[in-house]
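Below is one structure; the comments refer to it alone.
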Amino acid sequence: GMIALALNRSSQTETALKITKSLKEFSLNSNEMGMYWKDNAAGYYWYQAPIETQALMIEVFGEVAKDDKAVEDLKVWLLRQKQTTDWKTTKATSEACYALLLRGTDLLSNKELAIITVGKLVVQPEKTEAGTGYFKTNWLGSDITPDLGKISIQPSANNQLSYGAMYWQYFEDIDKVTSSNTQLKLTKQLFLEKNTATGPVLVPIDENFELHIGDLVKVRMELRSDRDMEYVHMKDMRASCFEPINVLSQYKWQDGLGYYEATGDASTNFFISYLQKGTYVFEYALRVTHKGNFSNGLTTIQCMYAPEFTSHSEGIRVTVK
């Protein structure tokens with residue numbers, strides 16, 4: 001990117017355009033995340049700075065390629081990063097603000113809000129936060145009707161990027177809860193570990209499966225994230241018939257992910273400072289201690305930096321004879 005800018009400003013436009021063409025061919029594009037590069041990751045070297053790199057790319061495609069669509073798509077990724085992660089330094093923040101305001105659509109000129117229709121009601125906020133346009137609306141008690149489940153969101157006339165969230169809270173038996181389908185996809189499975197002549201074998205546990213006191217149970221949680229996130233908390237509930245094998249809280253590192261695992265009385269908590277886009281598997285062992293029919297609870301996860309990014313697994317029951 002720096003070479004393309006330098007060549008373009010030195011009247012070597014043809015070579016600079018070849019560089020931008022190659023950069024575009026190697027880019028990834030999606031409606032949700034905009035335009036970005038797979039290998040634009042943080043690191044120890046001076047050039048491993050994702051926010052500053054993306055800001056420079058906005059300048060490159062605006063000045064060299066004069067590609068307005070690419071500039072707007074690059075802005076989407078930059079703003080999406082701010083939604084779920086922290087711009088680490090003042091340098092990164094100033095570079096990002098410079099790039100966002102330098103090229104393409106004037107983001108600060110937009111005073112219009114998205115048109116939000118809930119049921120037959122068009123939401124008209126009384127007061128919005130200066131600069132961001134943030135507002136919050138609540139419906140309580142008798143105001144809530146089935147029609148409120150029908151939501152329509154249309155961007156304002158100038159079609160600029162905006163994002164938000166709606167929370168729908170209700171009560172349900174914990175073992176009847178179905179898994180949610182959000183940007184964080186979370187699945188949870190229980191396995192009985194049996195020793196065989198060829199070694200330990202994991203047998204899946206469902207609601208019709210019978211456990212016995214003394215059995216060793218493995219909990220496996222699979223987490224998929226479609227973007228980088230920071231300050232993520234995952235809480236895994238467990239049935240009262242289970243006791244964890246590992247009772248010591250400690251920091252762990254596996255498959256490129258560092259997290260702090262804390263064992264509690266009724267759940268195990270995972271605190272993740274930085275969750276990179278990808279798929280991760282968490283496992284820990286439990287011992288069956290009581291007989292009866294139990295609700296095993298569910299696993300919940302939430303990005304503390306952006307609470308609208310949350311998810312949960314389904315709930316199941318376990319039977320111990």
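- Ile316 and Met237 are assigned to two separate hydrophobic clusters, defined by single-linkage of ILVMFWY side chains at heavy-atom distances under 4.5 Å.
- By the rule that hydrophobic residues join a cluster once side-chain heavy atoms approach within less than 4.5 Å of another member, Tyr274 and Phe271 end up as members of separate clusters.
- Listed by chain and number, the hydrophobic cluster partners of Tyr231 are Met304, Tyr305, where partners are ILVMFWY side chains within reach of under 4.5 Å, directly or through others.
- Between the side chains of Thr268 and Thr263, no donor-acceptor pair is found at a separation under 3.5 Å.
- Here the side chain of Ser313 pairs a donor or acceptor atom with the backbone of Thr299 at under 3.5 angstrom.
- Hydrophobic cluster membership is shared by Leu121 and Ile144, with clusters built from Ile, Leu, Val, Met, Phe, Trp and Tyr side chains linked at under 4.5 angstrom.
- Remark: Lys252 engages Glu261 in a salt bridge, criterion side-chain N to carboxylate O under 4.0 Å.
- Thr93 places a side-chain N or O within 3.5 Å of a backbone atom of Thr89 that can act as its donor or acceptor partner.
- Note on Arg80 versus Glu32: salt bridge recorded, some NZ/NE/NH1/NH2 to OD/OE distance being below 4.0 Å.
- Both cation-pi conditions hold for Arg220 and Phe191: the charged atom is under 6.0 angstrom from the six-membered ring centre and inside a 45 degree cone around its axis.
- Between Asp215 and Lys194 no salt bridge is recorded (no basic side-chain N to carboxylate O distance below 4.0 Å).
- Summarising the geometry, atom CG belonging to Leu5 is positioned 5.5 Å from atom CG belonging to Leu56; distances are rounded to the nearest 0.5 Å.
- What you find for Leu184 and Phe309 is that their closest heavy atoms are CD1-O, 3.8 Å.
- Exactly one residue among Leu275, Asp228, Ile51 makes a side chain to side chain contact (heavy atoms under 4.5 Å, CB included) with Thr85. That residue is Asp228.
- Under the ring-ring contact (aromatic ring centres under 6.0 Å, His included) criterion, Tyr47 pairs with Tyr45, sequence neighbours left out.
- Two residues are said to be in side-chain contact when any heavy atoms from C-beta on lie closer than 4.5 Å; Glu63 and Asn8 meet this criterion.
- Thr198 and Thr196 share a side-chain donor-acceptor pair at under 3.5 Å.
- Between Glu52 and Lys88, no side-chain nitrogen of the basic residue sits less than 4.0 Å from a carboxylate oxygen of the acidic one, so the salt-bridge criterion is not met.
- No salt bridge links Lys120 with Asp147; every basic N to acidic carboxylate O contact stays at or beyond 4.0 Å.
- Neither Phe209 nor Leu298 shares a network with the other; the hydrophobic side chains, linked directly or stepwise wherever heavy atoms of I, L, V, M, F, W or Y lie under 4.5 Å apart, form separate groups for each.
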Verdict with supporting geometry, Tyr259 and Phe282, ring pair (Phe, Tyr, Trp, His ring centres under 6.0 Å): CA-CA 10 Å; Tyr259 60 91; Phe282 301 83; 5.1 Å; yes
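- Both Ile58 and Trp37 are members of a single hydrophobic cluster when ILVMFWY side chains are connected at heavy-atom separations under 4.5 Å.
- Looking at Glu243, its side chain never comes within 3.5 Å of a backbone N or O of Leu286 through a donor-acceptor pair.
- At a threshold of 4.5 Å between non-hydrogen side-chain atoms, the residues Leu211 and Phe242 count as touching.
- Taking a 6.0 Å sphere around OH of Tyr260, one finds it holds more than 12 heavy atoms contributed by other residues, nucleotides or ligands.
- A side-chain donor-acceptor contact under 3.5 Å links Asn293 and Arg317.
- Using a 4.5 Å cut-off between side-chain heavy atoms of Ile, Leu, Val, Met, Phe, Trp and Tyr, Ile245 falls into a hydrophobic cluster with Leu216.
- Using the six-membered ring where Trp is involved, Trp77 and Tyr36 have ring planes that are parallel, under 30° apart on the 30 and 60° scheme.
- Using cut-offs of 30° and 60° on the angle between ring planes, the pair Tyr284 and Phe270 is tilted.
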